[in-house]
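Encoded as structure tokens, the structure appears first; notes follow it.
When a residue number appears, it is its place in the shown sequence, counting from 1.
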Amino acid sequence: MKTPLQFGRFSLFIIYFWFGILKVIGISPAESLVENLFLQTFGTFIDFKIFCLGFGAFECVLGILWLFPKLTKMAFYLLIAHMISTFLPVLLLPEATWQTWFTPTLVGQYIIKNFALISLAWFIQVTEKPQNNEALSKTPRRSPLENLPEII
């Protein structure tokens with residue numbers, strides 16, 4: 001199971017770092033969507049360029065965190081916070097995310113695919129071997145995959 005976990009971690013790193021660095025250097029194709037959402041939410045509090053730079057840097061750091069198994073829990077919770085923000089256009093910018101009922105635009109599809117990222121991150125978190133004294137416990141552990149039905 002180690003190789004799929006490593007591949008999952010590397011995949012999350014690539015996605016987050018790549019998309020983040022595009023925002024940092026100002027060439028992200030998602031920039032107009034981010035700017036429209038920014039204007040709907042934080043528009044009067046901070047300059048957009050500064051926000052976009054910070055948001056992109058946050059995504060880069062989040063990607064790097066996935067490379068370190070000991071930081072899985074932190075990376076997972078930051079990913080969930082990030083995902084909440086990425087789903088906001090579905091509610092706040094419906095003209096950008098929906099063509100008609102149940103027919104997303106390309107932007108909407110880009111957002112909906114984030115369920116796969118959440119699923120991968122969740123899988124990594126529940127499958128990861130414990131990094132604390134729990135591993136020393138004499139109580140046999142159940143397979144993380146046995147816990148999935150309980151979680152869902």
Side-chain angles (χ1 to χ4, degrees), residues 1-131 143-145 147-152:
M1 184 58 86
K2 191 172 185 175
T3 302
L5 285 174
Q6 290 171 332
F7 183 73
R9 288 180 173 286
F10 189 69
S11 297
L12 289 171
F13 161 73
I14 291 292
I15 292 165
Y16 270 96
F17 193 85
W18 191 344
F19 290 6
I21 204 71
L22 291 176
K23 289 178 184 75
V24 169
I25 61 177
I27 60 171
S28 172
E31 190 168 328
S32 64
L33 177 67
V34 173
E35 185 170 15
N36 288 338
L37 183 60
F38 172 80
L39 294 172
Q40 291 282 327
T41 54
F42 300 114
T44 59
F45 297 111
I46 188 172
D47 179 61
F48 174 71
K49 292 295 181 191
I50 294 170
F51 173 82
C52 198
L53 180 69
F55 192 61
F58 168 76
E59 288 178 337
C60 290
V61 169
L62 181 52
I64 292 168
L65 290 175
W66 281 108
L67 295 176
F68 299 94
K70 289 185 179 184
L71 301 175
T72 298
K73 192 172 190 176
M74 180 190 331
F76 178 73
Y77 289 117
L78 288 173
L79 179 138
I80 294 301
H82 179 264
M83 286 296 144
I84 290 169
S85 71
T86 63
F87 281 110
L88 286 176
V90 173
L91 302 172
L92 299 177
L93 302 170
E95 69 284 349
T97 55
W98 300 103
Q99 290 179 19
T100 61
W101 184 251
F102 279 104
T103 308
T105 62
L106 189 57
V107 169
Q109 291 177 32
Y110 177 81
I111 293 168
I112 291 168
K113 67 93 179 94
N114 286 338
F115 282 114
L117 297 180
I118 294 168
S119 178
L120 175 59
W122 198 355
F123 175 78
I124 291 169
Q125 189 199 5
V126 300
T127 306
E128 192 69 50
K129 289 189 170 99
Q131 300 292 325
S143 164
L145 297 178
N147 295 331
L148 284 178
E150 295 172 14
I151 294 170
I152 297 171

* **Within 45° cone and under 6.0 Å: K23 NZ/CZ vs F19 ring** => no
* Measure the spacing between CD1 of I124 and OG of S119 and express it to the nearest 0.5 Å. => 10.0 Å
* Are any non-hydrogen side-chain atoms of W122 and I80 less than 4.5 angstrom apart? -> no
* Asked: From L39 CG over to F51 CZ, what is the distance, rounded to the nearest 0.5 angstrom?
  -> 10.5 Å
* side-chain contact (heavy atoms from CB on, under 4.5 Å) partner of L88, the single match among L37, I111, L93 -> L37
* To do: Can you see which heavy atom on A57 is nearest to which on V24, and at what distance?
  => N-CG2, 3.5 Å
* Asked: Got a second to check how far I15's CD1 is from L120's CG, nearest 0.5 Å?
  -> 7.5 Å
* **Donor-acceptor pair, side chain of S11 and main chain of F7, under 3.5 angstrom** => yes
* Asked: How many angstroms lie between atom CG of L71 and atom CG of L78, to the nearest 0.5 angstrom?
  -> 10.0 Å
* With side chains defined as the heavy atoms from C-beta onward, is the minimum distance between F10 and L67 less than 4.5 Å? -> yes
* To do: For T41 and L92, work out which heavy atoms get closest and say how close.
  => CG2-CD1, 3.8 Å
* To do: Output the distance between atom CG (L53) and atom NZ (K49), rounded to the nearest 0.5 Å.
  => 10.0 Å
* Should P89 and V107 count as side-chain neighbours, where that means a heavy-atom distance under 4.5 Å? -> no
* Side chains of P69 and E128: closer than 4.5 Å at any heavy-atom pair? -> yes
* Validation row: F68, M74 side chains within 4.5 angstrom (heavy atoms) -> no
* To do: Check whether any side-chain heavy atom of Y16 lies under 4.5 Å from a side-chain heavy atom of V61, and answer yes or no.
  => no
* Parallel, tilted or perpendicular: rings of F45 and F42 (30°, 60°) -> perpendicular
* Return yes if some donor-acceptor pair links the side-chain N/O of R9 with the main-chain N/O of W66 below 3.5 Å, else return no. => yes
* What heavy-atom pair brings A30 and Y110 nearest, and what distance separates the two atoms? -> CB-OH, 4.2 Å
* **Contact summary for C60 and G20, nearest pair of heavy atoms** => SG-C, 3.6 Å
* Asked: If you take all heavy atoms of L62 and A75, which pair is closest and at what distance?
  -> CD1-O, 3.4 Å
* If only atom types and distance count, is the side chain of T105 paired as donor or acceptor with the main-chain N or O of A96 below 3.5 Å? -> yes
* To do: Drop me the distance from F87's CZ to I112's CD1, to the nearest 0.5 angstrom.
  => 8.0 Å
